[in-house]
Each structure stands twice: as structure tokens, then as C-alpha cells.
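Inspection log for the structure reproduced underneath, given as C-alpha cells.
This is a predicted model, so every value here is computed, not measured.
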Amino acid sequence: MRYVRPDYYDAFQCTAGSCPDTCCAGWQIRIDEKSLKRYSAMKGSFGSRLRNEIDWENRCFRQYQGKCSLLNEEGLCDLYQEGGGEKALCRTCHVFPRHAEEFQGVREYSLSLSCPEAAKQILMHPGPVRLLERKKPGVSQRWPGFDSGLFRVLVKARRLCFQILQNREKPWRLRAVMVLALAHDLQGRIRRNNYAAGEELLRRYKTEKAWSWFERKLWELEEREAFTGLRQDTLRHLLAVLKNLRPLREDWKPYLRGVLQAQSRGERSGEQEAMRALFPDETAEQLMAYFVYVYFCGAVYDGNAWGKMKFAFASVICIRELLRGRWRQDPEGVSKEWAIRAACRYSREVEHLDENLLGMERMLGDEKQFSLEGLFSAAGEGKR
């Protein structure tokens, strides 16, 4: 069995009551079967209260005003404080914001961007993130129907994407363009089940010639008269996708409406310089690495590597545009911390509901609104 985790994973520590948000609000907290049995047998007055605060039919904690009923006024968990500490927590509360994704012979760990402290570690990571691997001896279980050949190609492609994304000698927009094109080109090979051709494609993308070709391609695109309109249309369509998702928090729609209104007012003086300071290439790199790591290899289950890369890139751009909208509303009141807030807010609404994840990938599949060149145009801050 092979275990993978980003190099910041083990450093995470919950900030509990000092957290600027709470993971106990905005969604249902599912309770695993083992914890339900334990809670049903808990004695004393707190045991009685606990059983009243559980929705037994849906196997989750009840909510009041969008928050878990066991969250107290200090922002702390009564179950943790009165029920016996960490051992009293259900699996969801014990694990979050940690997450594990299972593949045949591989388990990949990640932190959720929706947690402010995790987001801080992800966005403020001082250098290119490294994926740490360790192996445990033993025979891995065979998964019927699991396409090992496709998974190997996806893992190699993701490794190459990390190498491209983390080449800080190149501008971010060029790095983003290359990984988008790589996934787009790889998709054709996957569709034909031609994994050998996929391997050959990866070898071509490793060359210096590939960098030169995309530099020229990007320059030609930015020199077109229609470039600005293409970029504006693509950004507008991306934010419209967010508007069509199911909101999880009551404040999400008003927040998004404010961003869209700010976007419609057009660019402000000094905006490009401000955005490069608030959302530098390093921030875009860390976010893209996060989304590619968490989602790209999931294409082994549906064969949609292009869709996974589109989602990763669109997520980075949407977070950037949420930050831009906030800056347009209050240029003096926005700092780099707001990039973390925008990332958390986006992640809470999109990543924690399968309906929104699948819906966003489906909407991004519209090749007319989200063409390869359209996405290319959205990578940077406009014409240089």
C-alpha cells in the first residue's frame, strides 16, 4: 500500500475557539454507525441531551440557525468538553479537515481548503509543495473494474503538472496554460484507450520546446483584437457558474451578488497592480497544486481528465475573482488575508456538496463558453 500526503499535512493543528470561522456550521455533520451506538448508550444528563440533539433518521447532529446544536457560545464543542474529549467525537469531527481518497493500492491524504487554518497553510506555504510518499508492505486488494493503466498515466501526468506549475522561472499564466493544454491533449488519448500515446504526450510536454511553443501561442492570443472581450466573457461565465450552484450558507448569495455587481462596474485604476500583490503567482500556484492533487486522479473513475483540470483551473480563477470583487468594493480594506477568506468561502460552497462539484464540472463542459483559448485568456491579468 502506498500513502501520499502534501508536506504541510502533518503540521496542521486546529485553532479551536480562536478560529475566525467554525467547521460546525453550514452543513450537516454525519455520524458514523460506531459513534451512534456509543452516543445511544452515553449515561447522565449530558447523554440525555446528546440523544435529543441527534437526528436519528438522517444520522446527523441537529442544527439551530445553521449551526450544530452542540456548538456553544464560545465557539467550542460541548461534546468535546463534556463528553470526554477527542475520543467522544464522531469520525467526521475527528478527521476534519483531513480527507483521504482511496485508489487501488494507494491512499492519498489532503487538508480541506474550507478550514481557515488549513487554507492558511496551503496558500502561505513558503515554497513549492512536495508530495511525500511512503509504502507499507503487504498485498494490496484488487478492485474489480479499476483501470490500473489509466491510473498510472494520470499519476504521471499529475507529477508532470506539478513540475510545470512549480517552475517559478516562468510566469503563472504560462504554467497554467501548459497544464490546461496537457490535460486537453491527454483526454483524446484516454478516450481512445491509447495510454502509450499518453505517455508519449507527456514526454513532449517535458521539453524546452514545449515552453517556447506555448509562450508564442500565448503571445499571439494576447495580441488579438478580440482578446479582451474573450477574457471578459470567460470570467463572466465562470462567475455565472457559481451563481447556479446550490448555496450552503445564507450569506453566500448576497456575497456573490456583491462580487458580480463589482465585476459589472469594470476595472478600477491600479487594479492590476493591486491584484498582483494580493494574489501573486505563488498563491495561484499553491491553489492550483491543491486542486490538481485532490481531484485530477479521480478521472480514473470517469475518464474525464480534461474536466478535472478545467475544474482545478476554474476554482483558482473564481477565488481570484472573488478577491477582485472584494477589492473593487473596498480597495483600502483588503489585504492578503482576504485571499485566504475567499478560498475558504469558495471551498465551503463548492467542495462540500457533491451536487455542486458534479454540477460545476458539468457546466464547465460547455466548450463554447469554456473553450481552451477562453480559459487561456482568463489565466493572467489581461494584456501585458
Side-chain angles (χ1 to χ4, degrees), residues 20-21 26 113-114 116 119-120 123-124 172-173 176 222 226-288 291 310-351 353 356 359-360 363-364 366 369-370 374-384:
D21 206 333
L113 192 64
S114 63
K120 183 178 179 181
L123 270 69
M124 306 302 286
W172 150 253
R173 72 191 197 286
E222 292 177 345
F227 171 79
T228 299
L230 176 63
R231 180 175 183 275
Q232 291 174 345
D233 286 345
T234 303
L235 293 178
R236 186 176 67 255
H237 292 320
L238 282 173
L239 290 176
V241 166
L242 296 186
K243 190 171 64 172
N244 289 322
L245 300 179
R246 177 182 164 190
L248 293 183
R249 286 194 168 190
E250 291 182 1
D251 62 351
W252 173 247
K253 278 196 170 182
Y255 170 75
L256 188 57
R257 194 180 312 118
V259 170
L260 293 170
Q261 289 172 350
Q263 184 196 48
S264 67
R265 290 197 288 268
E267 186 174 314
R268 297 186 60 158
S269 175
E271 180 173 313
Q272 290 194 23
E273 293 76 11
M275 288 303 299
R276 288 181 191 125
L278 294 169
F279 199 86
D281 283 3
E282 292 78 11
T283 298
E285 172 194 316
Q286 301 294 17
L287 279 172
M288 189 75 170
F291 284 108
K310 264 187 169 182
F311 170 75
F313 175 77
S315 295
V316 176
I317 300 306
C318 284
I319 291 169
R320 185 191 71 190
E321 295 308 305
L322 291 175
L323 178 63
R324 185 192 306 279
R326 184 69 184 86
W327 181 87
R328 285 183 179 179
Q329 294 171 68
D330 182 17
E332 301 301 322
V334 179
S335 66
K336 283 189 176 182
E337 288 293 319
W338 282 88
I340 297 173
R341 297 186 194 185
C344 289
R345 207 153 194 174
Y346 171 88
S347 176
R348 279 179 173 268
E349 293 296 326
V350 175
E351 291 194 271
L353 186 64
N356 284 347
M360 188 164 177
M363 286 183 276
L364 290 171
D366 185 337
Q369 291 189 342
F370 304 109
L375 296 176
F376 282 2
S377 71
E381 280 296 314
K383 291 191 175 184
R384 300 287 171 138

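If you run side chain to side chain contact (heavy atoms under 4.5 Å, CB included) between Leu242 and each of Asn356, Val259, Leu256, only Leu256 comes through. With Ile317 as the partner, the side chain to side chain contact (heavy atoms under 4.5 Å, CB included) test is satisfied by one option alone out of Leu322, Leu238, Leu287, Leu375: Leu238.
Between Arg231 and Gly380 the shortest heavy-atom distance is NH2-O, 2.9 Å. Between Ala314 and Met360, the shortest heavy-atom contact is CB-CE, 4.1 Å. Residue Trp327 comes nearest to Arg268 through the heavy atom pair CZ3-CB, 3.8 Å, listed as atom of the first residue, atom of the second, then distance. Among all heavy-atom pairs drawn from Pro331 and Arg328, the shortest one is CD-O, 4.2 Å. Pairing each heavy atom of Cys344 with each of Pro116, the nearest pair is SG-CA, 3.5 Å. Closest of all the heavy-atom pairs between Met275 and Arg320 is CE-O, 3.6 Å.
Glu337 CD: 12 or fewer foreign heavy atoms inside a 6.0 Å radius. Atom CD of Glu250 has 12 or fewer heavy atoms from other residues, nucleotides or ligands within 6.0 Å.
Ring-plane geometry between Tyr346 and Phe291 is classed as perpendicular, the angle between the planes exceeding 60 degrees on a 0 to 90 degree scale with a lower cut at 30.
A distance of 7.0 Å separates CG of Leu235 from CG of Leu239, quoted to the nearest 0.5 Å. Between Glu271 atom CD and Arg276 atom CZ the span is 10.5 Å, to the nearest 0.5 Å. Atoms CG and CZ, from Leu353 and Arg348 in turn, are 13.5 Å apart once rounded to the nearest 0.5 Å. Separation of atoms NZ (Lys253) and NZ (Lys243) is listed at 9.5 Å; rounding is to 0.5 Å. Annotation: the span from Phe313 atom CZ to Phe370 atom CZ amounts to 11.0 Å, rounded to 0.5 Å. Annotation: the span from Ser335 atom OG to Arg326 atom CZ amounts to 10.0 Å, rounded to 0.5 Å.
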Decide side-chain contact (heavy atoms from CB on, under 4.5 Å) for Gln369 and Met363; before the verdict, give the C-alpha distance in whole Å, the side-chain angles of both, and the deciding distance to 0.1 Å.
-> CA-CA 9 Å; Gln369 291 189 342; Met363 286 183 276; over 6 Å; no
Starting from the C-alpha separation in whole Å, work towards a yes-or-no answer on side chain to side chain donor-acceptor pair (under 3.5 Å) for Gln261 and Arg265.
-> CA-CA 7 Å; Gln261 289 172 350; Arg265 290 197 288 268; 5.2 Å; no
Start with the C-alpha gap between Leu113 and Ile319, add the side-chain angles, then the distance that decides, and say whether side-chain contact (heavy atoms from CB on, under 4.5 Å) holds.
-> CA-CA 11 Å; Leu113 192 64; Ile319 291 169; 4.2 Å; yes
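Trp252 has its side chain out of reach of Leu245: every pair of non-hydrogen atoms, C-beta onward, lies at least 4.5 Å apart. You'll find the side chain of Thr283 stays beyond 4.5 Å of the side chain of Trp172, heavy atoms only. Using a 4.5 Å heavy-atom threshold, the side chains of Arg345 and Asp251 count as touching.
In this structure, the side chain of Glu349 engages the main chain of Arg249 through a donor-acceptor pair within 3.5 Å.
In this structure, the salt bridge (charged side-chain N to carboxylate O under 4.0 Å, His left out) partners of Glu321, at least two apart in sequence or on a different chain, are Arg324.
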